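The block underneath contains the structure these notes are about, expressed in structure tokens.
No experiment lies behind these values; they were computed from the predicted model shown. In what follows, every chain begins at residue 1, and chains take the letters A, B, ... in the order their sequences are listed.
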Amino acid sequence: MPELPEVETTCCGIAPHVEGACVQEVKVRNAKLRWPVTRGLNAKLSGETLLRVSRRAKYILLHFEQGYIVIHLGMSGSLRVMDSAETAEKHDHVDICFASGKCLRLNDPRRFGAVFWVKGDEQQLQKHKLFNALGPEPLSDEFDGKLLYQRSRNRKSAVKNFIMDGHIVVGVGNIYANEALFMAGISPLRAAGKISAFRYERLTECIKQVLAAAIKQGGTTLRDFVGGDGKPGYFKQELHVYGRAGQACTRCKQTLTEVRIGQRSSVYCKACQR
DNA sequence: ACGGCCTCCTGACGGC
DNA sequence: TGCCGTCAGGAGGCCG
């Protein structure tokens with residue numbers, strides 16, 4: 001499941017191959033993604049230059065003169081740069097083909113992903129319903145312990161849900177929420193409003209650390225995002241709790257506990273996390 | 001404003 | 001071998 005590090009790595013991986021490229025054709029084989037793929041993309045973008053690739057939260061932004069193609073990978077999506085002539089396989093839903101003969105191809109088995117057009121400049125994008133209420137980027141200076149502390153006052157929800165709420169901070173998915181809470185020694189079940197400023201400082205640092213480590217590791221797998229051989233692999237970062245329910249805590253050896261918080265699997269150590 | 005649940009979808013997996 | 005039920009999971013939408 002693409003988490004922020006995979007999305008970031010995808011952006012970095014594709015950017016050198018598509019920035020400055022001229023769109024020849026946009027092929028939509030299946031428009032039924034999370035939302036219908038914007039109609040008329042081919043007519044709108046043929047002949048236009050892809051100016052820049054960037055990212056906001058887990059949305060990948062392809063900048064054009066008149067607006068943005070916004071891509072979300074959902075749970076199972078991947079983007080690769082390949083020859084346009086390469087036969088499309090099952091779940092290859094959208095191609096953005098360039099005059100160079102290369103294309104950007106979206107594969108998404110579960111179709112929780114999205115491809116849509118937002119007209120206008122950056123200000124217009126910011127005003128978009130999906131972007132106007134987003135919290136800061138987790139790796140930015142704007143995201144700090146003070147912010148988490150202040151915004152969590154009087155909140156009764158579990159801290160794990162709190163840090164996964166994109167209105168508070170973007171890009172913290174299930175895997176890294178679990179890992180950061182383990183690293184910070186905080187129970188995922190603890191009420192967000194009952195955590196001290198001191199512990200939020202620590203949690204903030206842990207979130208930044210796990211994400212930065214994963215992104216750094218992603219840099220070594222950049223080649224996976226280019227070419228037709230297989231699908232991009234996600235990072236096999238050493239995980240301390242996620243997916244390890246029933247196994248021994250790497251710190252104290254006690255058996256890790258699994259609970260469901262907000263329909264999501266959460267694994268933690270009852271001894272190390274309070 | 002907040003919290004909790006629902007929904008989209010398919011591959012993987014377990015049971016028989 | 002095959003069929004069927006079950007489940008995960010990002011995150012917006014909706015309801016109370």
Side-chain angles (χ1 to χ4, degrees), chain A residues 1-11 28-38 55-61 70-79 88-94 106-116 118 125-138 147-180 188-195 207 211 214 230-235 239 241-246 258-267:
Chain A
M1 59 239 58
E3 287 248 8
L4 187 75
E6 285 84 358
V7 178
E8 174 66 17
T9 303
T10 297
C11 285
V28 178
R29 298 185 192 82
N30 186 350
K32 288 175 67 180
L33 301 185
R34 175 166 193 175
W35 302 292
V37 175
T38 305
R55 175 187 68 72
R56 173 70 174 114
K58 292 180 189 168
Y59 294 97
I60 295 166
L61 308 173
V70 182
I71 300 175
H72 197 290
L73 300 178
M75 272 210 40
S76 56
S78 61
L79 266 184
E89 290 175 27
K90 198 178 180 185
H91 309 307
D92 283 341
H93 306 311
V94 178
L106 174 75
N107 180 282
D108 185 5
R110 294 192 184 175
R111 294 195 272 120
F112 280 14
V115 176
F116 58 96
V118 177
L125 186 74
Q126 296 287 3
K127 285 183 195 159
H128 190 279
K129 184 172 64 168
L130 293 179
F131 293 90
N132 65 14
L134 291 180
E137 290 290 324
L147 177 134
L148 279 190
Y149 179 74
Q150 286 171 181
R151 300 220 39 194
S152 63
R153 293 311 88 187
N154 299 320
R155 291 190 67 149
K156 297 175 179 107
S157 66
V159 63
K160 177 156 175 279
N161 282 345
F162 179 67
I163 60 172
M164 288 177 69
D165 181 348
H167 302 108
I168 304 300
V169 57
V170 302
V172 182
N174 197 34
I175 296 174
Y176 297 112
N178 276 295
E179 294 299 313
L189 292 163
R190 181 162 296 279
K194 300 225 164 151
I195 293 174
I207 289 170
L211 289 174
K231 296 189 166 44
Y234 294 114
F235 316 145
L239 300 175
V241 285
Y242 182 81
R244 295 194 66 243
E258 178 163 25
V259 288
R260 296 197 69 75
I261 305 175
Q263 8 275 108
R264 265 169 216 99
S265 156
S266 310
V267 183

N or O in side chain of [X] less than 4.0 angstrom from [N] OP1/OP2:
X	N	answer
A:K32	B:dC8	no
A:Y242	C:dG9	yes
A:S157	B:dG3	yes
A:Y59	C:dG12	yes
A:R111	B:dT10	yes
A:H91	B:dG11	yes

Rounded to the nearest Å, what distance is computed from the [atom1] atom of residue [X] to the [atom2] atom of nucleotide [N]?
X	N	atom1	atom2	result
A:M75	C:dG10	CE	C1'	7 Å
A:F116	C:dA11	CZ	P	12 Å
A:D92	B:dT10	CG	C1'	15 Å
A:Q263	B:dC9	CD	C1'	16 Å
A:R260	C:dT6	CZ	C1'	12 Å
A:R34	B:dT10	CZ	P	15 Å
A:N161	B:dC5	CG	P	10 Å
A:K160	C:dG10	NZ	P	9 Å

Exercise. Can you check whether A:F116 and A:H128 have ring centres sitting under 6.0 Å from each other?
Worked result: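 Under 6.0 Å, so yes.
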Exercise. Do A:Y242 and A:Y176 have ring centres separated by under 6.0 Å?
Worked result: no
Counting only side-chain heavy atoms from C-beta out, which of [options] sits nearest to [X]?
X	options	answer
A:K58	B:dG3, C:dG9, C:dG10	C:dG10
A:K90	B:dC6, B:dG11, B:dC9	B:dG11
A:F112	C:dG12, B:dC8, C:dA11	B:dC8

Problem set entry | Salt bridge present between A:K58 and A:E6 (N-O < 4.0 angstrom) | no
For this session: Assign A:N174 to base, sugar-phosphate, or nothing according to its heavy-atom contacts below 4.0 angstrom with the strands shown.
Result: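 Contact class for A:N174: sugar-phosphate only.
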For this session: Check whether the side chain of A:R151 and the base of B:dA1 form a donor-acceptor pair under 3.5 Å.
Result: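 A donor-acceptor contact between them is absent.
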Exercise. Does the base of B:dA1 carry an N or O that pairs as donor and acceptor with the side chain of A:R155 under 3.5 Å?
Worked result: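 Looking at the base of B:dA1, it does not pair with any donor or acceptor on the side chain of A:R155 (distance under 3.5 Å).
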Problem set entry | Residue mapping more 5' on DNA chain B - nearest nucleotide basis, A:R264 or A:K156 | A:K156
Problem set entry | Point-to-point distance, once rounded to the nearest 0.5 Å, from CD1 of A:I168 to OG of A:S152 | 8.5 Å
Exercise. Taking atom CG of A:N132 as the centre, does the number of heavy atoms from other residues, nucleotides or ligands within less than 6.0 Å exceed 12?
Worked result: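 More than 12 within 6.0 Å, yes.
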Seminar exercise, completed: The Watson-Crick or G-U wobble partner of C:dA11, with both key distances under 3.5 Å, is B:dT7
Seminar exercise, completed: Of A:R110 and A:L130, the one whose nearest nucleotide on DNA chain C sits closer to the 5' end is A:R110
Problem set entry | A:E258 and A:S266 side chains, donor-acceptor separation under 3.5 Å |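 Looking only at side-chain atoms, A:E258 and A:S266 do not form any donor-acceptor pair under 3.5 Å.
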